[in-house]
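Accompanying notes for the structure given below.
Each chain gets a letter, A, B and so on, in the order its sequence line appears, and its residues count up from 1. Note that the coordinates shown come from a computational prediction; the quantities given were computed from them, not determined experimentally.
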Amino acid sequence: MSKTIDSRYSAQEIEAAAQKYWRDHDSFKVEENPGKEKYYCLAMFPYPSGHLHMGHVRNYTLGDAIARFQRMQGKNVLQPMGWDAFGLPAENAAIQNRVAPAEWTYGNMDYMRRQLQQLGFAYDWSREIATCHPEYYRWEQWFFTRLFAKGLVYKKDAEVNWDPVDKTVLANEQVVDGRGWRSGAVVERRRIPQWFVKITDYAGELLEGLDTLPGWPEQVRTMQSNWIGRSTGIELQFDIAGVPDPQNRVLSVYTTRPDTLMGVTYVAVAPQHPLATLAAEGQPELARFITEQSHTRMAEADLATLEKVGMDTGLKAIHPISGEQVPVYVANFVLMSYGSGAVMAVPAHDQRDWEFARKYDLPIKQVIKPDRPEVSCDLETEAFVEKGVLMNSGRFDGLDFTKAFDAIESHLKQAGKGEKRVNFRLRDWGVSRQRYWGTPIPIINCPDCGAVSVPEKDLPVLLPENIEFSEGGSPLNNMPGFYQVDCPQCGTPARRETDTFDTFMESSWYYARFACRDQNTAMLDARADYWLPVDQYIGGIEHAILHLLYARFFHKLMRDEGLVQSDEPFANLLTQGMVLKDGSKMSKSKGNTVDPLALIEKYGADTVRMFVLFASPPDQSLEWSDSGVEGSFRFLKRLWKIVAEHTPADGSELTDAKLNEAQRQLRLKTHTTVAKVTDDFARRHTFNTAIAATMELINAVQKFEGDGDNDLNRAVVGEALRAVVLMLAPVVPHFSHALWYHLGHDQAVIDAPWPQVDRAAMQQSTALIVLQVNGKLRGKIEVEKSIDRQSLEEKALANESVLRFTAGKQIRKIIVVPEKLVNIVVS
RNA sequence: GCGGAUGUGGCGGAAUUGGUAGACGCGCUAGAUUUAGGUUCUAGUAUCGCAAGGUGUGGGAGUUCAAGUCUCCCCAUCCGCACCA
């Protein structure tokens with residue numbers, strides 16, 4: 001029986017009551033249940049910066065709505081939450097506020113956890129993870145030692161940003177316009193030994209795997225695909241004339257346009273190329289040029305617009321097919337880090353080569369001509385870079401790109417001067433950070449044995465938490481107790497790594513650890529395979545490349561270690577848009593933020609949740625509107641009143657036969673709405689239209705109630721209200737929790753099943769037909785669905801407003817779309 | 001430069017398969033209730049026109065009986081990548 005309820009909506013009271021109920025009943029704690037279909041819903045965990053911002057609220061509301069909906073579908077739903085707790089801001093805060101990074105971080109976590117709980121998110125808090133806990137990062141350390149044993153990680157020198165005043169390494173985001181963010185000193189580049197993970201070994205699989213992810217946005221897949229940057233070309237060798245040194249006698253270049261090979265008029269090498277170093281011996285001017293070029297460092301974006309400069313080395317390269325000698329240049333536009341650090345230059349068919357050739361007066365030899373008349377080619381103004389037909393290329397003349405590629409490849413292969421090769425843009429992942437607040441790298445550097453893994457029995461390598469933090473780099477470097485250790489292999493005094501991991505390491509596998517975070521004898525166990533892959537992952541588009549690529553990579557590494565069986569971690573991905581106010585992104589620096597907490601206090605969590613879902617579709621940006629929030633609040637108040645004042649009908653079954661037309665229409669609206677909202681939730685994730693549809697239904701209910709009060713009317717209205725309360729339960733869970741009891745149910749709404757569509761209620765015997773003349777709307781008629789085509793045409797033609805436009809005209813054609821439209825074509 | 005997305009009333013947005021453009025909400029206008037004010041309710045609200053009707057989805061062309069939706073060209077804004085050989 002229904003409980004009496006105040007017809008005034010009091011958000012604070014009902015939210016506290018619902019949250020208490022969930023807490024008391026452990027409502028969101030889940031266990032593995034092989035007999036039940038699982039659903040793993042995960043929103044990207046936050047960095048504990050101090051307080052939630054609107055972007056978090058949007059992200060977690062989306063996840064919660066999906067998770068709660070799937071639960072109502074009868075699935076075993078896991079929705080966990082945790083903290084991406086390591087990172088630079090904690091160090092900055094430590095300097096500013098004289099508080100240890102650990103203390104600052106744990107305090108923030110406590111505060112933000114309360115905020116998340118206030119928003120009513122259905123998390124299984126028993127699975128909470130913080131990446132700064134030794135129980136978490138110890139397994140990352142263990143895994144790293146496994147990768148080390150397999151040769152999947154290695155150490156090499158790499159450049160860092162060095163602040164000469166603060167005497168510390170800076171992260172890229174701490175370098176502003178080439179200067180240190182605190183000191184303002186010009187940042188230097190230093191080469192120091194750092195650890196790398198061989199993501200390039202998985203480049204091919206990471207690329208191909210994108211095709212197995214139809215549940216990912218096209219945009220994200222394209223971005224990853226471009227980032228991996230696969231290209232197919234030929235690696236070929238030019239002999240260098242008169243060089244005795246066997247290492248430098250041959251110059252390797254990589255090209256994706258072997259069809260232009262006969263148009264090579266010079267070759268160019270990067271300033272750091274060994275051949276450039278060799279040529280610089282005894283050529284002081286060239287040596288000076290090379291030094292200058294290696295020192296010019298600027299933002300990568302400026303590189304592209306940098307003027308192309310170079311210098312002749314005096315060396316000659318011998319063309320592998322023609323035997324002709326061409327000059328070897330050092331050029332600033334050739335990157336040592338891509339391919340072999342050397343290129344063959346074809347000025348006629350590459351714009352950079354063309355500009356360089358014009359500047360240094362090098363020959364431009366056309367070897368490709370357009371294969372279609374509409375394509376123009378004027379080598380006086382620019383290079384012709386399109387593919388076409390070969391010319392001036394001897395025996396290859398007349399071939400198209402594909403044929404020329406194959407013919408030149410087999411020619412070079414026979415001569416032992418080249419072969420086909422696939423190249424990737426992707427670089428190995430540098431994971432060393434010269435930072436304190438991160439996972440210590442579990443390596444000991446021994447003067448005799450080199451880099452040695454910390455043995456499993458000695459893990460975790462604990463990060464000292466109770467420290468004095470000051471400027472000037474990682475405190476670990478000042479802690480002999482931390483770094484003075486004996487070599488695990490030979491026992492001689494050695495030095496522990498004081499670098500820590502890139503925090504992307506922690507966020508690359510947390511989704512798996514949520515399945516079994518209490519497992520203290522292994523990184524993962526069988527529970528991971530029950531839950532994985534994540535069915536729905538939700539987060540910001542800013543993670544489209546790095547986080548999502550590293551996580552996919554880590555998943556494959558874990559698979560190859562036998563820890564998981566699946567190939568990909570995230571089956572479906574939803575990338576939410578930004579939260580804007582006054583047209584620009586909400587940010588502290590712009591001073592246009594909205595504090596979620598103040599809104600919750602004023603309107604309640606449900607209003608906030610409803611607004612962020614209603615204002616726009618999830619993947620698009622959301623324009624903040626205070627009056628829009630008022631609108632959501634007003635709707636909830638109105639709906640509360642309607643439901644609270646509704647008296648459930650006693651027991652009469654809804655059978656169509658007894659219903660009048662108005663009652664039948666309301667039932668029709670109820671069930672078409674249920675069908676639409678179900679589709680919006682399950683397939684489209686368009687919560688904005690789902691909410692709009694329930695509002696429409698409520699509008700229809702209000703109009704209907706004007707007809708008067710009787711048992712059958714109450715029954716039909718009751719059905720509509722039950723559907724609305726259930727359909728809104730994922731959006732405004734506290735609100736629905738309270739009203740569901742009022743509607744006469746003993747069971748909590750979180751355990752109620754999603755409403756079912758009654759197909760019979762959706763049957764209609766008539767259809768509204770749109771009448772058009774020459775494609776323009778001229779009228780509408782209601783007809784029996786069973787009407788035959790001829791009678792329908794007759795009715796359409798007899799329509800008064802149609803007649804006005806057909807009078808005196810000749811009827812050419814009549815288009816009939818059954819149950820929808822008649823279009824009369826006249827002239 | 002390359003790649004991607006977006007462009008619809010005063011505003012956020014809807015139109016899912018080529019078939020009634022503007023659902024739903026905000027705002028605004030008028031009225032009612034209460035009133036100190038807000039709240040709440042009713043009606044209206046793309047635009048031009050008294051009306052009949054015309055026009056209208058960034059601009060231009062095209063396909064079609066029919067285009068916000070498909071094709072081509074152009075413009076604007078946003079995002080990503082950026083000398084990748």
Check: If only atom types and distance count, is the side chain of A/H319 paired as donor or acceptor with the main-chain N or O of A/L261 below 3.5 Å?
Finding: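 Side chain of A/H319 to backbone of A/L261, a donor-acceptor pair under 3.5 Å: yes, one is there.
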
Margin query: Keeping A/R58 on the side-chain end and A/L613 on the backbone end, is there a donor-acceptor pair under 3.5 Å?
Written below: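 Pair absent, no side-chain N/O of A/R58 close to backbone of A/L613.
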
OP1 or OP2 of [N] less than 4.0 angstrom from a side-chain nitrogen or oxygen of [X], does that happen here?
X      : N      : answer
A/R684 : B/rA15 : yes
A/K669 : B/rA23 : no
A/R352 : B/rC84 : yes
A/R778 : B/rG54 : yes
A/R427 : B/rC84 : no
A/R425 : B/rC81 : no
A/N688 : B/rA14 : yes
A/Y254 : B/rA85 : no

Please determine, for the side chain of [X], which listed nucleotide ([options]) has the closest atom?
X      : options                : result
A/L335 : B/rC26, B/rC84, B/rU55 : B/rC84
A/N332 : B/rC83, B/rG12, B/rC26 : B/rC83
A/T689 : B/rA85, B/rC83, B/rA14 : B/rA14
A/F614 : B/rA85, B/rC24, B/rG53 : B/rC24
A/K776 : B/rU55, B/rA52, B/rG3  : B/rU55

Next item on the list: Using the P atom as the reference point in each nucleotide, state the distance between B/rU34 and B/rC41 in Å, no decimals.
Entry: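 Roughly 16 Å separates the two P atoms.
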
Margin query: Suppose you measure atom C1' in B/rU8 against the same atom in B/rU57; what distance do you get, rounded to whole Å?
Written below: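 Roughly 4 Å separates the two C1' atoms.
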
Who pairs with [N] - Watson-Crick or G-U, where each distance is under 3.5 Å:
N      : value
B/rC2  : B/rG80
B/rG37 : none
B/rU55 : B/rA46

Note to self: Once rounded to the nearest 0.5 Å, what's the spacing between atom CD of A/E382 and atom CG of A/D350?
What the structure shows: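 These two atoms lie 12.0 Å from each other.
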
Between N or O atoms, less than 3.5 Å apart, protein on one side and nucleotides 19-21 of chain B on the other: list the pairs.
{"unit_1": "B/rG19", "atom_1": "N2", "unit_2": "A/Q772", "atom_2": "OE1", "d": "3.4"}
{"unit_1": "B/rU20", "atom_1": "O2", "unit_2": "A/K780", "atom_2": "NZ", "d": "2.5"}

Would [X] count as a cation-pi partner of [Y], with NZ or CZ less than 6.0 Å from the six-membered ring centre and within 45° of the ring normal?
X      : Y      : answer
A/K387 : A/F401 : yes
A/R425 : A/W227 : yes
A/R778 : A/F805 : yes

Over how many whole Å does the gap from [X] atom [atom1] to [N] atom [atom2] extend?
X      : N      : atom1 : atom2 : result
A/R8   : B/rU39 : CZ    : P     : 17 Å
A/L636 : B/rU40 : CG    : P     : 12 Å
A/D680 : B/rA14 : CG    : C1'   : 11 Å
A/D619 : B/rG80 : CG    : C1'   : 16 Å
A/Q620 : B/rC79 : CD    : C1'   : 13 Å

Notebook entry, point to check: With a 4.5 Å heavy-atom cut-off, do A/T806 and A/V826 have their side chains touching?
Noted result: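 Touching, per the 4.5 Å side-chain cut-off.
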
Next item on the list: State, yes or no, whether a side-chain contact exists between A/F635 and A/I698 at a heavy-atom distance under 4.5 Å.
Entry: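 In contact.
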
Item checked: Identified side chain to side chain contact (heavy atoms under 4.5 Å, CB included) counterpart of A/V643 within the set A/V724, A/L721, A/V701 ->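 Of A/V724, A/L721, A/V701, side chain to side chain contact (heavy atoms under 4.5 Å, CB included) with A/V643 is met by A/L721 alone.
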
Parallel, tilted or perpendicular, as decided by the 30° and 60° cut-offs, for the rings of [Y] and [X]:
X      : Y      : answer
A/Y329 : A/Y266 : perpendicular
A/H349 : A/F384 : perpendicular
A/Y9   : A/F633 : tilted

Margin query: Would B/rG27 be called syn or anti here, given the cut-off of 90° from 0?
Written below: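 Anti, since the glycosidic angle lies more than 90° from 0.
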
Mind checking [X] for me? I need base, sugar-phosphate or nothing, with any heavy atom below 4.0 Å counting as a touch.
X      : answer
A/G631 : sugar-phosphate
A/R812 : nothing
A/V253 : nothing
A/S340 : nothing
A/N699 : sugar-phosphate

I'd like a list of close polar pairs between nucleotides 68-73 of chain B and the protein, N/O only, cut-off under 3.5 Å.
none

Notebook entry, point to check: So, do A/F614 and A/F687 have ring centers that fall under 6.0 Å from each other?
Noted result: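 They do not qualify: ring centres at least 6.0 Å apart.
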
Checklist line | Side-chain donor/acceptor contact of A/R638 with base of B/rU40 under 3.5 Å | finding: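 Under the 3.5 Å cut-off, the side chain and the base do not form any donor-acceptor pair.
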
Check: Where do A/L797 and A/I814 land on the side chain to side chain contact (heavy atoms under 4.5 Å, CB included) test, with the steps shown first?
Finding: CA-CA 10 Å; A/L797 286 167; A/I814 299 178; 4.0 Å; yes

Interface polar pairs with nucleotides 27-35 of chain B, N/O, under 3.5 angstrom:
{"unit_1": "B/rG27", "atom_1": "OP2", "unit_2": "A/R634", "atom_2": "NH1", "d": "3.4"}

